[in-house]
Amino acid sequence: MEDHCGSTSTSTSTALPSLHLATNFGDKALSSQTLARIRALILNPSTPDSTLSSIFQILTRSLELTRNSVVLHRTLKLLSDLSSHRAQFSRLVFDSVRANSLLSSASSTRLAAQALDVVLSIAERDPASVPAVDDLGDGFFASLCFGPSLSVRLWLLRNAERFRLRPYLSITLFLGFTKDPYPCVRKAALDGLVRLSRTNAIEDEDMIRGCYYRAVELLRDMEDTVRSAAVRAVCAWGLVLVASNPETKIQFSDEVFVKLCSMARDMSVEVRVEAFNALRKIEVVSEDILLQTLSKRVLGIVKEKKSLGQCCGEQFEILASSVAGALLHGLEDEFFEVRKSACHSLSTLIVLSTDFALEALNLLMDILNDDTVIVRLQALETVHRMATCDCLKLQEKHMHMFLGPLVDKDFSIRCATRKILKLVKLSVFKLFNLTVDALLDNVARYPEDEFDAFSALFHFGRNHGKFVVCIVEDISQQIEPTHEGKLDFDNVRVAALLVLAISAPLSGENASKIPPTIFSYAVTLLGRISNALTDVMSQSDLLDHLSQCSRSTGLPVVEVKEGEQRFPLGKGNIQDNSNDDIIDFAAAPLQQKIDGTSETQFPDIGEPRKLKTSLLDHKLEAQDAVIKTMNAIIARVKDIWPLVQSGDVYEVLRMLRSCREELATFHPNSIAPAGVLAFTLQYLQTIKLLSKVWGHFLDSKFLAYRMGTLDLLFGKLDKRLRELRGTFIGLSKEGELHVLELVLVTCILRLLKVEICCKHATLRKLSSTISQMESLLKRGVQPSNFVIEVGKFSTEIQTSASGDSCDPYLFKRLLEIFCLKEFLVCGRLKYVKAELDVPNNDSENPVHYVSGLPVGITCQITLCNILVETRLWLKMTMDDGSTQFLFLDLSLSKDCNGYRRFSFVAPFYRTPKAICFTIRLCVGMECPLEDAHFVKRCGGPKHELVYLCKEREVFLSMICKG
């Protein structure tokens, strides 16, 4: 039993003064209080070695003199802590415990096992101690196993590998304890057999058969956990048995497969899942047995080939019924865990037989309509496996169910379906047309899927080049400009058809029937298309491909002089030279308008013209594509809220991490708008903190583990919300209302916290937030149901929270209404930030000062997107937490394209009487939305600060007298 002690701040000289002399204790047993104080000293990293040596002597003497089992247990635990936290004492503890009578006495198996655990743990860290452990002998381990303590027996079986036992002794003990009266021991013994099978230490075929058939016997055990372990053991030793004799490989493999199929209809969900998990590990199975698993009726082919062994009559019927429809039952099981496991088994079994794969495909089409997302996703992964192995033979009867997931509400389902379409190859033109229409419908319904849908169309078209050529006339009619000569480039269908058309030349088919103008049109969407084809070619390669295909018009080609650089359209790293026009493909008969509209004017196709377009326009087009990606990410974040409410915090964090990784692909210095990129990242971090806070208010049955301290999480969440409100200019009215709604729900969560000590400040913030929302609503913004309900009950909330007792039911009812809503960000969003530098200052070049006199610190500050009326402060913080604020007057600096750069000397008045010290500088901006009462009396900012840069550490050193 571990001891839990409180603070260890007491100094080592006063915490346990008698520890400096071990002889002070004599033969007196250690008390519980003394042992607790000893543990505090061991865990304290500042405890000197002399004190630890005394502690070691005391604990060693306690082992020899004490007979109290509780004290001995705690003494061994302290010795273990001493060896793990202080490496220099490991060998001493090892020798002391190794020589103690606990390891040679059978009077207390629990203490002997604990002492053995201490010795083994040290030996695992110190290989030089291993021979001493081997000297204990296998007999000592066996004697402890047959002791009366159930917990010791379990611990020994689960840690048998640590004792370096001879393989045949291990197998004998494991086989013996599979007949133990306790189910947990039988399970531990079977798990031990599974681990032993992986070592390949047993080569005798009779021993292998013994392990296998003992596991088969336990498939009929009364306990679910034992049967589940038996399934794993049958699979493990069955595979060893199959590999041990190549001549009987197929026969034994079929037998193991049949035994596992017999557990597919077990009463326990856990056993059924284990059975299907084990089936997918079988590498060789007769085709007729595989087909039988998909049919509940005993097939004639099984009777003819006698694949179930040389048996007849009743035994044959029993074996046949075990196999019949095993996988079919799994796919129809009422529990989604079983259905998922059965689908996963199919993904590995389909490669064993083409006929089996065809039959399995019919069943998988039904699974694509399953109620559970995880099952549908596994079914799609199985179909993808079939496509990878070139055994996916789609027929017309499959297409409706197969293409249905393209309009599924779940993003991962749609993505998995498109992943399959990149590999699929169809032989019927009608099926090709159905697939193209489904992909076009997909990208029309879900604009956030554009990049992945374009990629799927490109791969699909490249795999079906002859079919693309057949429909090129229809494609041309749909993408040609109107009679007014205009083409709407925001039409996602037009862009998708262009992607499909330009894929044909890469299929190896004769693509001369494709009009070159199609490739010219694709040039105007180069940035948009290239982002979808990063797995196929780079943007420059795509540019070359379109250039080559468009030159067949016979129009003169623009020559590029030596040393002259041609900028690819939509290139992410181009510089903004808005006054310079570039000449690109001579075959591209279009001119992008510079007035910012989404339409392009097309001249007469027969008249050769140079393609002139502004670099600024192409940069804006690329930025629009990036902004769409950011909005798609924000839309995906909205979909995670049901997971937050259900307490699935790990899945929420995984999805948010995936979104952050997607953001990481946009370099801060790339063409991506800095404001939109920074806002999206801040928003993701805010939702992550809100999800963790929300988890603290869920019932324990919904959440097994709450992440972080609630007060700390609230503080971080408030900081992130202030940054969202204060450091971004140009946020839409819907975006402003959404951020205010996040502030509102944070206030409700704070009020729901019973022990809240700042409810009056929270109520003020709540009232202020509601007022700001009302001003937005007057401007035509539509409120959510949550905002409406909070407005209705605002008076009741104030009354309830202001009293001595709050009404938690009211707050919980409001929180049940809250959910994240979708909003859009735009490219006009500006990010407010600052850079602070103190030149020529580091630990070797400090600023010199005289104690008690002010010292000047030269600062260079760069401000971005700061309005002149903004109130900025320089915060100067010492190590002791004392703070000094300096007001920064922006009227003394000039704005240059959104940037302000200036230098000034900041006086620091509180120079201490110290040889040297450091202070931390940071630029903060007042957020007028919340008061900061703690600084009003100090002459500093009157409102809460939002910090615009990282803290800069400044080193100072006192001037020494000569």
Side-chain angles (χ1 to χ4, degrees), residues 1-105 108-130 132-133 136 151-152 155-156 158-159 162-163 709:
M1 178 174 62
E2 292 189 24
D3 297 302
H4 299 278
C5 57
S7 174
T8 59
S9 60
T10 307
S11 64
T12 56
S13 61
T14 61
L16 196 62
S18 56
L19 288 178
H20 294 289
L21 294 175
T23 56
N24 289 352
F25 284 91
D27 296 340
K28 182 180 178 181
L30 299 179
S31 65
S32 298
Q33 183 180 7
T34 302
L35 290 171
R37 295 164 68 189
I38 287 176
R39 186 170 186 268
L41 288 172
I42 292 175
L43 299 180
N44 190 344
S46 62
T47 303
D49 288 345
S50 59
T51 302
L52 293 175
S53 298
S54 299
I55 288 175
F56 170 71
Q57 296 176 28
I58 294 169
L59 295 177
T60 303
R61 180 170 298 179
S62 179
L63 280 183
E64 298 172 354
L65 300 179
T66 305
R67 291 297 175 261
N68 186 309
S69 60
V70 175
V71 175
L72 285 173
H73 164 75
R74 298 174 71 178
T75 302
L76 287 171
K77 180 64 176 66
L78 291 173
L79 285 170
S80 177
D81 290 341
L82 181 62
S83 64
S84 60
H85 288 81
R86 309 292 176 140
Q88 64 270 30
F89 289 94
S90 293
R91 188 65 189 189
L92 294 174
V93 173
F94 179 88
D95 293 337
S96 176
V97 178
R98 175 69 180 84
N100 195 273
S101 59
L102 289 175
L103 290 178
S104 59
S105 173
S108 176
T109 53
R110 289 189 178 184
L111 289 172
Q114 186 182 2
L116 196 56
D117 185 29
V118 175
V119 170
L120 290 172
S121 298
I122 296 175
E124 290 167 355
R125 297 192 297 266
D126 182 14
S129 305
V130 172
V133 176
L136 292 173
S151 60
V152 171
W155 181 82
L156 290 170
R158 292 168 180 169
N159 293 272
R162 300 173 63 190
F163 292 88
T709 304

**Q** Can you sort out the partners of Ser80 under side chain to side chain contact (heavy atoms under 4.5 Å, CB included), two or more places apart, ordered by chain and number?
**A** Val118

**Q** Can you give me the closest heavy-atom contact between Phe89 and Asp49, atom names plus distance?
**A**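 Heavy atoms of Phe89 and Asp49 come nearest at CZ-O, 4.1 Å.
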
**Q** Keeping the roles fixed (side chain from Thr47, backbone from Leu43), state whether a donor-acceptor pair exists under 3.5 Å.
**A** no

**Q** So, for Ser90 and Ser83, which heavy atoms are closest and what is the spacing to 0.1 Å?
**A**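 That would be OG-O, 2.9 Å.
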
**Q** What's the separation between atom CD1 in Ile55 and atom CG in Asp81, rounded to the nearest 0.5 Å?
**A**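 Separation between the atoms: 11.0 Å.
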
**Q** For the OG atom of Ser54 and the CD1 atom of Ile38, what is their distance to the nearest 0.5 Å?
**A** 10.5 Å

**Q** Find the distance between CZ (Arg39) and CZ (Arg74) and round it off to the nearest 0.5 Å.
**A**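 The CZ atom of Arg39 sits 10.0 Å away from the CZ atom of Arg74.
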
**Q** Please determine which of Leu59, Leu52, Thr60 meets the side-chain contact (heavy atoms from CB on, under 4.5 Å) test together with Phe56.
**A**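 The single option meeting the side-chain contact (heavy atoms from CB on, under 4.5 Å) with Phe56 is Thr60.
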
**Q** Quick one: closest heavy-atom pair of Ser46 and Arg86, and the distance?
**A**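 Minimum heavy-atom contact is N-NH2, 4.4 Å.
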
**Q** Does a side-chain heavy-atom distance below 4.5 Å link Leu79 with Leu63?
**A**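 Yes - at least one pair of side-chain heavy atoms lies under 4.5 Å apart.
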
**Q** Got a second to check how far Gln57's CD is from Leu92's CG, nearest 0.5 Å?
**A** 10.0 Å

**Q** Going by heavy atoms in the side chains, are Ser121 and Arg162 under 4.5 Å from each other?
**A**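 Yes; the side chains approach each other to less than 4.5 Å.
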
